[in-house]
Amino acid sequence: MLALAACTPADPGASGDAGSGGTLVYASGDAEPTCLDPHVGGNYPQALAATQFLESLVSRDAEGEIIPWLAESWQVSDDGLTWDFTLKADVEFTDGTPFDAAAVKANVEHVQDPDTASSTGWLALAKVAEVEVVDDTHARFHLSAPDSALLESLSQPWVAIESPAGLERGTDENCLAPIGTGPFIVDSWTKQDRIVFVQNPDYASPPADAGHDGPAYLDRIEWRFLPDSATRYAALQSGEVDVIDNAQPDTIAAASEEAGIVHLDAPRPGASNRIELDSSKPPFDDIRVREAFIKAVDVNAGIDSLFFGTAERGYSPLSSVEPTAFGEPDLFDVDPDEANRLLDEAGWTARDGDGVRVKDGQRLELRFPVSTNQSTPAEQSLFEQLGEGARAVGFEVRITPLDLSSWYGALAAHEYELVSAPYTKVGPDVLRILFHSDSTIPAPSGYFANLAQVRDPEIDALLEQASASQDADERTEIYRDVQQRVLEGRYLLPIYDQQNHYLLTSRLEGVRAMPTVSTPTFLDARFTE
């Protein structure tokens, strides 16, 4: 409870009447960002915070359609290589400088600059060769190759638009308080404690699906970091905070019986939550060993026992949010006998005194680094259960809990055979990010997204064909083919959708998760009492 004791309670009188202002207190269990500029690196904790003060060129509505935001309209050439964006006029960053085509150009160049050390944004804009400033309200994107997913990529907070003047301050200063056009402004950041956002009184650039025009109803947001899930929930119950994220399954079940608390379930788009198997080195360079591991573990039993009905088993590389998701449940039937047969066939016939299989003097050990900032306690327990199932057929799974920085280090050094790495990108083009051989090459941040190390020329060709196609039906068929190949190659073990569970006081109305990457937005939020 020490973390909570360090926080001052929210002022009960701060809320006021509906629409009259007040302070919203948000308690995050996600990792505290090391930089508030989502161009730098590009992880989910940055997106959570950045949604409050940065805006993108386009957004996505609840039906999955791309809608206007800072860009009013757009056109693409017949060859898919030129995109013309018409921008909103008379929009200013909160430092008073204008939002215009020059700002769009500066932001794309900032994301693509290796010194920025971008990962998510850099991969999203990889095919943008140049942004031409036609005039103040017209930006022309020139692509090196067609990119049918460009609009989906531009909807993400990792490529949101920042003040060029703010960018020019340099990474260190800009990381502390990026400057956007959004409904709130970064007022202060007390590290290991909280970020304070204050209302942008001049806000006038909501996305097309916003609940109202004009400034946010709230005066202020206190964004606190409370890593312990029980502490976060206790703070919500007591009224000391108004919203919590990373709610645990048992907490969600308990909250459903408690008056005054609302559950917002917002699974992320793009990829499912999955365990990836590194196919580039032993033992998983042998598909029989990959298949044996998958057949040895019982994901469904773990979900049933640990998640209290808050997660549903998935069988696709894509989130169920994506209409193009395709799965093959039969591939994931639990069959220890077949797992044993496959391992025998692959030459792992001997066992040591601990029952672990041995081949050519090497034990069948699997290193599994787990990010404690990104995997919930329930998920970590699931991984432990899966490890026990794998042990029964002769694997030894060594799960190592790590903080986010150390976890990234383990991945960069290829010190894993198994890894669960959430990756959020709007739309099925996330398959290109995760499984194209180009993604085995690190981004400027040092992160590479193809953690299964899939290097299949046929998959590469299909993904490039999907990027080039302007035909939605054709892309759907291609993405289905890619998913089938990845699943049948036993490169991954799908688990469930990437979980986003928010709990909030029922005194709040107008809170929603953005249909882009499921981060909460408080533009329309207000207290009802």
Distance flag, aromatic centroids of Tyr416 and Phe368, threshold under 6.0 Å: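 No.
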Validation row, ring centre Phe53 to ring centre Phe197 under 6.0 Å: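 So the answer is yes for these two rings.
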Contact check, side chains of [X] and [Y], non-hydrogen atoms, under 4.5 Å:
| X | Y | answer |
| --- | --- | --- |
| Lys295 | Val393 | no |
| Lys425 | Ser153 | yes |
| Leu70 | Ser56 | no |
| Asn500 | Thr519 | no |
| Leu434 | Asn450 | no |
| Leu57 | Trp74 | no |
| Glu488 | Leu331 | yes |
| Asp333 | Asp335 | no |

Apply side chain to side chain contact (heavy atoms under 4.5 Å, CB included) to [X] and list each qualifying residue two or more places apart in sequence or on a separate chain.
| X | result |
| --- | --- |
| Thr372 | Gln380, Pro401 |
| Ser272 | Arg274, Pro494 |
| Asn107 | His39, Ile161, Glu162, Leu167 |

Search all heavy atoms of [X] against all heavy atoms of [Y] and return the closest pair with its distance.
| X | Y | value |
| --- | --- | --- |
| Leu411 | Pro369 | CD1-CG, 4.2 Å |
| Gly302 | Leu382 | CA-CD1, 3.6 Å |
| Gln112 | Leu125 | NE2-O, 2.9 Å |

Just by distance, with hydrogens left out, do [X] and [Y] show a side-chain donor and acceptor under 3.5 Å apart?
| X | Y | value |
| --- | --- | --- |
| Ser437 | Asp460 | yes |
| Ser406 | Asp403 | yes |
| Asp278 | Ser280 | yes |
| Ser28 | Asp245 | yes |

Could you list the residues that satisfy ring-ring contact (aromatic ring centres under 6.0 Å, His included) with Tyr479, not counting sequence neighbours?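 If we apply the ring-ring contact (aromatic ring centres under 6.0 Å, His included) test to Tyr479, skipping adjacent residues, there are no hits.
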Please name all residues satisfying ring-ring contact (aromatic ring centres under 6.0 Å, His included) with Phe448, sequence neighbours left out, ordered by chain then number.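 By the ring-ring contact (aromatic ring centres under 6.0 Å, His included) rule, Phe448 matches His414.
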If a pair satisfies ring-ring contact (aromatic ring centres under 6.0 Å, His included) and one of its residues is in residues 298-322, list it, with sequence neighbours excluded.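 Qualifying pairs: Phe307-Tyr496.
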Output every pair passing ring-ring contact (aromatic ring centres under 6.0 Å, His included) with a member in residues 248-278, not counting sequence neighbours, ordered by first then second residue.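 For residues 248-278, and leaving out neighbouring residues, the ring-ring contact (aromatic ring centres under 6.0 Å, His included) pairs sorted by first residue read His263-His501.
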Contacts of type salt bridge (Lys or Arg N to Asp or Glu O under 4.0 Å), residue [X], not counting sequence neighbours:
| X | result |
| --- | --- |
| Arg475 | none |
| Glu458 | Arg485 |
| Arg432 | Asp429 |

Can you list every side chain to side chain donor-acceptor pair (under 3.5 Å) pair that touches residues 320-330, not counting sequence neighbours?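 Qualifying pairs, neighbours excluded: Ser320-Asp497.
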Output every pair passing side chain to side chain donor-acceptor pair (under 3.5 Å) with a member in residues 249-259, not counting sequence neighbours, ordered by first then second residue.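 Output for this query lists Tyr233-Glu258, Gln237-Glu258.
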Do we get [X] above [Y]'s six-membered ring, with its NZ or CZ under 6.0 Å from the centre and within 45° of the axis?
| X | Y | result |
| --- | --- | --- |
| Arg224 | Tyr26 | no |
| Arg290 | Phe284 | no |
| Arg268 | Tyr44 | yes |

Show, in sequence, the C-alpha distance, side-chain angles and deciding distance for Thr120 and Gln156, and conclude whether the side chain to side chain donor-acceptor pair (under 3.5 Å) test is met. CA-CA 9 Å; Thr120 311; Gln156 301 177 130; over 6 Å; no
Backbone of [Y] reached by a side-chain donor or acceptor of [X] within 3.5 Å:
| X | Y | result |
| --- | --- | --- |
| Trp158 | Asn43 | yes |
| Gln52 | Pro520 | yes |
| Glu276 | Leu418 | no |

Residue of the set Gln362, Arg363, Arg367 for which side-chain hydrogen bond (donor to acceptor under 3.5 Å, both in side chains) holds with Glu365: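 When Gln362, Arg363, Arg367 are each tested with Glu365, the side-chain hydrogen bond (donor to acceptor under 3.5 Å, both in side chains) holds only for Arg363.
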Can you tell me how the ring of Phe522 sits relative to the ring of Trp223, calling it parallel under 30°, perpendicular over 60° and tilted otherwise?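 Plane angle over 60°, so perpendicular.
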Assign the ring pair Tyr447 / Tyr408 to parallel, tilted or perpendicular, where the plane angle (0 to 90°) is split at 30° and 60°.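 Perpendicular: the ring planes of Tyr447 and Tyr408 meet at over 60°.
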Would you sort out whether Glu474 and Gln465 count as a side chain to side chain donor-acceptor pair (under 3.5 Å), showing the intermediate values? CA-CA 9 Å; Glu474 180 185 18; Gln465 184 182 348; 3.2 Å; yes
